[in-house]
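To start, the structure under review is shown below, and the notes come after it.
In the text below, chain A, chain B and the rest are named by the order of the sequence lines, each starting its count at 1. None of these values were measured; they are calculated from a predicted model.
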Amino acid sequence: MDIVPEITRQSITNLVKNDKREDGRGLTEYRDVSIETNVISKAEGSARVKLGGTQVIVGIKPQLGSPFPDTPDLGVLMTNCEMLPMADPNFEPGPPSDDSIELARVVDRGIRESELVELDKLCVEEGKHVWMLFIDLHIIDNCGNLFDACELAVMAALKSTKLPVATIEDEEVVLSEDETFDLPINNELALCTFVKIGDKMVIDPTLDEERVASARLNVGVTKDGHICSMQKGGQEPLTKDEILYCVNTAVTKVKELIEYL
Amino acid sequence: MDIVPEITRQSITNLVKNDKREDGRGLTEYRDVSIETNVISKAEGSARVKLGGTQVIVGIKPQLGSPFPDTPDLGVLMTNCEMLPMADPNFEPGPPSDDSIELARVVDRGIRESELVELDKLCVEEGKHVWMLFIDLHIIDNCGNLFDACELAVMAALKSTKLPVATIEDEEVVLSEDETFDLPINNELALCTFVKIGDKMVIDPTLDEERVASARLNVGVTKDGHICSMQKGGQEPLTKDEILYCVNTAVTKVKELIEYL
Amino acid sequence: MDIVPEITRQSITNLVKNDKREDGRGLTEYRDVSIETNVISKAEGSARVKLGGTQVIVGIKPQLGSPFPDTPDLGVLMTNCEMLPMADPNFEPGPPSDDSIELARVVDRGIRESELVELDKLCVEEGKHVWMLFIDLHIIDNCGNLFDACELAVMAALKSTKLPVATIEDEEVVLSEDETFDLPINNELALCTFVKIGDKMVIDPTLDEERVASARLNVGVTKDGHICSMQKGGQEPLTKDEILYCVNTAVTKVKELIEYL
Amino acid sequence: MMSEMIREDGRKFDELRPIKIEAGVLERADGSAYLEVGGNKILVAVYGPRESYIRRLLQPNTGVIRCRYNMAPFSVDDRKRPGPDRRSSEISKITADALRPALMLENYPRSMIDIYIEVIEAEGGTRCAGITAASVALVDAGIPMKDIVVGCAAGKVNDEIVLDLSEVEDKEGQADVPIAMMPRTGEITLLQSDGDLTEEEFAKAIDLAMEGCRQVSELQKEALMKRYSTE
Amino acid sequence: MMSEMIREDGRKFDELRPIKIEAGVLERADGSAYLEVGGNKILVAVYGPRESYIRRLLQPNTGVIRCRYNMAPFSVDDRKRPGPDRRSSEISKITADALRPALMLENYPRSMIDIYIEVIEAEGGTRCAGITAASVALVDAGIPMKDIVVGCAAGKVNDEIVLDLSEVEDKEGQADVPIAMMPRTGEITLLQSDGDLTEEEFAKAIDLAMEGCRQVSELQKEALMKRYSTE
Amino acid sequence: MMSEMIREDGRKFDELRPIKIEAGVLERADGSAYLEVGGNKILVAVYGPRESYIRRLLQPNTGVIRCRYNMAPFSVDDRKRPGPDRRSSEISKITADALRPALMLENYPRSMIDIYIEVIEAEGGTRCAGITAASVALVDAGIPMKDIVVGCAAGKVNDEIVLDLSEVEDKEGQADVPIAMMPRTGEITLLQSDGDLTEEEFAKAIDLAMEGCRQVSELQKEALMKRYSTE
């Protein structure tokens, strides 16, 4: 675990108290965002996102599989996140840590609860064959706020995804060798993350800001301004007013983020 | 591992030497037994057993599955035991310990070797579909003698189990939505556990008695007085006479235990 | 990890410098080899190999399974190696170590790359049923040079393997109860292992020689003198000349080894 | 009128399912509690503050809490494989986060408080129920706390914001907002939100869930009173 | 007449399968033994007393023994997946319990004796065979013991109590009672019983198994004599 | 004439695929590099020398390197399950062996250098590409080395010995000989050979692979020059 030097803690806290930050940003200002899609030729969808120094790569691979018994006509999404030891000296190889599981699940819930992937169009034969999309998040450089970077990357990768056309012939699935279709997406979403430092809520935290923060709030908002997912983290509580402030701010900021897509 | 204070060891050993025990019981006397069935609405069979302060819950869930190739017309029993860290400060989360495996296997062998579940009646279609019963033991409070508490709980839960009627239509299994049948049981069994303290064999040991004991003997006996399973445990040997004494005593005590069912 | 006493290191290094060895062998001389086949009645193929004090047992068990999608008409080989804790005080129980994985993979590649098992004859029904051969290496005594001992054992066990004749009746595989056929083998192979001690390459190292060596080279050669697999190991580099010397020597020595089969 | 809307199980929009809380139900544990709400059955045991066998988890200047939320294999319709999965790992983590603010861990350097939450039967809302029961078990263990954390959810069903979703409502509903709070200050220690909500609906859901928390809080206190009066 | 009953393999009711025991068969191990009985082939290696790499297993006042019973994947008709399963974990545990009473572990504080039992081929009765072979390997390792523990089973087949069940008899029989004992005192260090037995039948089975142990014990001693005479 | 043979992708027998190397591509890592060769995309991060959280890996008299070669699930046609498998464990091991001779580890007692090789996209020859990139990342981390290790493979396709096999050539070809070397001395630190080769062909393959290494070595140096000139 990281111990933040007391001097860093004081310096960041004092800055935020005066509505300032280490890197000169305002409290509701994002770092530079860059999104590149189709970065992996062997993946059916992919994206690389840089959010300041933070970097993540997402690859999407489809597989034909059986639907869940209670949703026989819907495709399946599986989100997995590898916090590679390459990305941060505190990340360890091995099975996913609790942080990694939480990250994957929060990112996944955003996609899932906003229902933006039209899963019914991923059904090849009801009850028998549906597309399963494996969404693999590869964290390669952790400079803070992995949540927002990952959600952007997944969103961009989904939008770039092309699947082979599948038909049923003689009770078997046949995949077209050249014909593909765009993954049907009917909405867009971004995650907007805040941390609490002193008495202020700060957007898009750097790594040091994350370390000195007492609480975290992820707010997932769709293009049309609806809230589709939220998660509080961290050791200290938040007040209702702090939460409502974040939600309100997120609704505005998400519009900016979605423009990068 | 627990270290028993020397003073506890001496006190218990001296009591037993004089045919007495910490809690006032005789050497062949059980603690209070209470059995409640149908405690879990979502399980097809369930029971909660209290044996003194020891508490276990058993839930039974059926699943349709394939039979083993060498017994194509028989259902399948799977017994699993979780020694929850809740139950004892020495129990650790994670994969089952050797103690937990032994407990599950001894309890399971009692049921299996007494052949009291009519497995042939759990066959839906020979070679293709049989009922698999998952018997999950949940140890929630360990005050000694988990063996006997668990076997009673499994026995009670099996007796309370109702399965949906399954029929074959168009080569597929169809489960009735309202019709059920009682799990067919043709016998009853209980486990009677002794530990050796000093030169005496003591029935239904408390936790402290288990800790100071030098050896353990589990004796599984059916309603009709047949021995169906036995297991010796512990660091020290037993003589043949001690074993035969336990078997003889168990045949009597099991009748008492079975009355609680 | 083993620490070799400095005196052992010096003694072995000095001996090798003068083209001598602890046990009196020349630098390109093998220890005694003994091979016994059909040592496990329940295995379809088996062998026990002793190479000096090193002992390994190999058992081969077939199973019917599905072919890989890209080779629908070929059988499948699976090589697994257990460095049993029995064999060496430094071997630990548990999942295979990196050394054990490397050993299994080098031995496996020899067999696989020399294409000596006629995998097409292990196809029962194209795309549906093929024989999978599980080759299980059991290391029971490690006195050095497990590589060559294991490859000899696998080779001998394959040559002794008899599979039941399988036919298709009514779309199901039927195994003959008495008719068997020899596993079709069209070549032979042995592995010849060198280590570098001081400036010399030494064949068939003992355990102490392995411990003081700076590098290792495995050379797999077929009966007809072709190189089918090689692997360099160890902490120090080798020169091209050293490698070519080993290859040249191996081509000769492998002929000797194959005579034991 | 929303307040007259009848829900699938006949409850009003702001009505909790029947709740039963009991403190001190296990012998071995330092503290314990049992809670039923709707069809949920939850058992919690607390051990500590104690030295841990996992030394690397201990910290020199503060105590540490560890939480394990676990579902029994037989607690759900389709048997669940024993052991932790991703969902239970996440709930364990946020449950620890939800309870920590009430504990004065700095008083217990180099020690560990373990909270074991066993879902014996599940019927929607187990994470909030687990937090509510865990707080009672912590008091039962005699661990001093600033406040008794309590959990409750609001959600959206048929376009209405309602309190304490049942399993059916959770599955068929449009959103679920589980929270936990410290009733004295109204501070929120757990917050999730899944599903579609406008800003306004979210604000309404938070208010309703906080109101639910206050009601459940009274039941926690009653259970503890009963425990101490019988001792 | 029971004593004239012919068993499936032609043995008399109280007749052992042919046994072969050899001590000192491995180079690296501190002690080792090989045992064949019927179609079983068992190899045992002993290491220790030694320091362990797993320090938390060591105890300040006594030595510790650890036993690993393992079946080779090729030892049975259907290939067994490598690694421990529940059955082998249980046998490892009770085998350690069966051997411990003969060892004077209090003489080896802070040290560990490891016993590795490998079933190379299995044909019924491997746990008893493993214990018998392990004792020989312990002597071969030069570890002082109070007695040489020996294992043997009796069982019930066709309503008769018979000695040393083969694989077929075990599968088709009505009960199996494996035991281990210290022959000098007749004390029993392992006892299991599976299947249907009356009290009387159980007493008969114990007596028969003990008699079998005494016979196997002689073969253990022969193997050790041979080992020492050739050294 | 062999030198005029056209390969499946139009290359000459001794022609490398296009290569792009960049040093210093990550913020957090002490050193990093990115490499593309053909369709391969490889990212390497280096941390250290540092104390390790796994103390038992550290050695009192020397530094230790640890290598983790990993393929992203989306790097291949059929999604790969995350986490190490037997192939990646073997490559990790021999990659560490390939790089170690260039490092002066005796200068870093009790410390660890970690090398993380991520295959983002794979198209034949990833182990050599990983070694080449790892060396660049080691220099970028400021770790002094005797030489910059470089990897390249030769192979046999259509009975000809050719340089740097593509994925298709690897699959359809007759042999693959990946090597790594220290270009200053020409010493070989990694060598494998799979497939059918005569002694003569093997000698030719080694020579060609060494020649390939020398060419790639120049590109490593260029990438490092560029890195230092832009700093």
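- The side-chain heavy atoms of F:T198 and C:H226, taken from C-beta on, include a pair separated by under 4.5 Å.
- In this structure, F:K171 places its NZ atom where only 12 or fewer heavy-atom neighbours from other residues, nucleotides or ligands lie under 6.0 Å away.
- Interface remark: C:D241 contributes no atoms to any contact with chain F (heavy atom separation under 4.5 Å).
- For the residue pair C:Q235/F:D97, the side-chain donor-acceptor check at 3.5 Å is not satisfied.
- Atom CG of C:D70 has more than 12 neighbouring heavy atoms from other residues, nucleotides or ligands inside a 6.0 Å radius.
- In this structure, chain C has heavy atoms under 4.5 Å from both the backbone and the side chain of F:A203.
- For a residue to count as touching a neighbouring chain, one of its non-hydrogen atoms must lie under 4.5 Å from one of that chain's; by this rule C:I101 touches chain F with the side chain only.
- Within 6.0 Å of atom CG in C:D199, 12 or fewer heavy atoms from other residues, nucleotides or ligands are found, so the atom counts as exposed in its surroundings.
- When every heavy atom of F:I188 is checked against every heavy atom of C:K232, the shortest pair comes out as O-CE, 3.5 Å.
- Taking OG of F:S89 as the reference point, atom CG of C:D99 lies at 11.5 Å (rounded to 0.5 Å).
- Using a 4.5 Å cut-off between heavy atoms, C:D224 does not touch chain F at all.
- Your options are C:R105, C:E236, C:Q231, and the one with the most heavy-atom pairs under 4.5 Å with chain F is C:R105.
- For C:N218, no part lies under 4.5 angstrom from a heavy atom of chain F.
- Classification of F:E90 and C:R109 as a salt-bridged pair holds, one side-chain N sitting under 4.0 Å from a carboxylate O.
- Shortest non-hydrogen contact noted between C:P237 and F:T189 is CB-CG2, 3.9 Å.
- The closest side-chain heavy-atom distance from C:M230 to F:D194 is not below 4.5 Å.
- To the nearest 0.5 angstrom, F:D196 atom CG is 11.5 Å from C:S229 atom OG.
- What you find for F:R86 and C:T79 is that their closest heavy atoms are NH2-O, 2.8 Å.
- Counting only heavy atoms from C-beta outward, the side chains of C:L217 and F:L191 approach each other to under 4.5 Å.
- Using a 4.0 Å cut-off between charged side-chain N and carboxylate O, F:D207 and C:K240 make a salt bridge.
- With chain F as the partner, the residue from C:V247, C:T239, C:N248 showing the most heavy-atom pairs under 4.5 Å is C:N248.
- Within 6.0 Å of CD in C:E6 there are more than 12 heavy atoms belonging to other residues, nucleotides or ligands.
- Interface remark: F:L190 contributes backbone atoms only to the contact with chain C (heavy atom separation under 4.5 Å).
- Of the atoms belonging to F:M182, it is side-chain heavy atoms, and not backbone ones, that fall under 4.5 Å from chain C.
- Atom-to-atom distance recorded for F:E199:CD and C:I227:CD1 is 5.5 Å, nearest 0.5 angstrom.
- Counting non-hydrogen atoms of other residues, nucleotides and ligands closer than 6.0 Å to NZ of C:K200 gives a total above 12.
- Annotation: C:E259, atom CD; neighbour count of heavy atoms from other residues, nucleotides and ligands within 6.0 Å does not exceed 12.
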